[in-house]
Amino acid sequence: MSTTNSYTVEGMTCGHCVAAVTEELSKLDGVSHVDVDLASGHVTIESNHPLDSADVAAAIDEAGYTISP
Ligand SMILES: [Cu+2]
């Protein structure tokens, strides 16, 4: 069963940032699709099982950005 989670990421300024976030999130186990909207910082993650929000936060941190609370 597919799960969709949305987050808002702070600090992205260009397509390179989008690519970095997309790459790190895509590495998470079970993630099937990542969609990032640069203008709003809105990130949608589709996965085939529910994700641990700590894992998502760690991946975004790894890319160099933070989740907006
Ligand atoms: Cu950038």
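Counting starts at 1 for both ligands and their atoms, in listed order. Every heavy atom of this structure was used, including side-chain atoms; hydrogens, water molecules and symmetry mates were not.
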Under 3.5 Å, sequence neighbours excluded: what are the donor-acceptor pairs made by side chains of residues 15-24?
from: Thr22; atom 1: OG1; to: Val18; atom 2: O; distance (Å): 2.7
from: Glu24; atom 1: OE2; to: Lys27; atom 2: NZ; distance (Å): 3.3

For residues 46-66, please give each side-chain donor-acceptor pair under 3.5 Å, one per line with the distance, not counting sequence neighbours.
from: Ser47; atom 1: OG; to: His49; atom 2: O; distance (Å): 2.7
from: His49; atom 1: NE2; to: Asp29; atom 2: O; distance (Å): 3.3
from: Asp52; atom 1: OD1; to: Ala54; atom 2: N; distance (Å): 2.9

Legend entry - Number of protein N/O/S atoms that sit closer than 2.8 Å to the Cu ion (ligand 1): 2
Inset, instruction - Determine which pairs satisfy side-chain hydrogen bond (donor to acceptor under 3.5 Å, both in side chains) with at least one residue from residues 36-45, sequence neighbours left out, and list them in order. - result: Asp37-Ser40
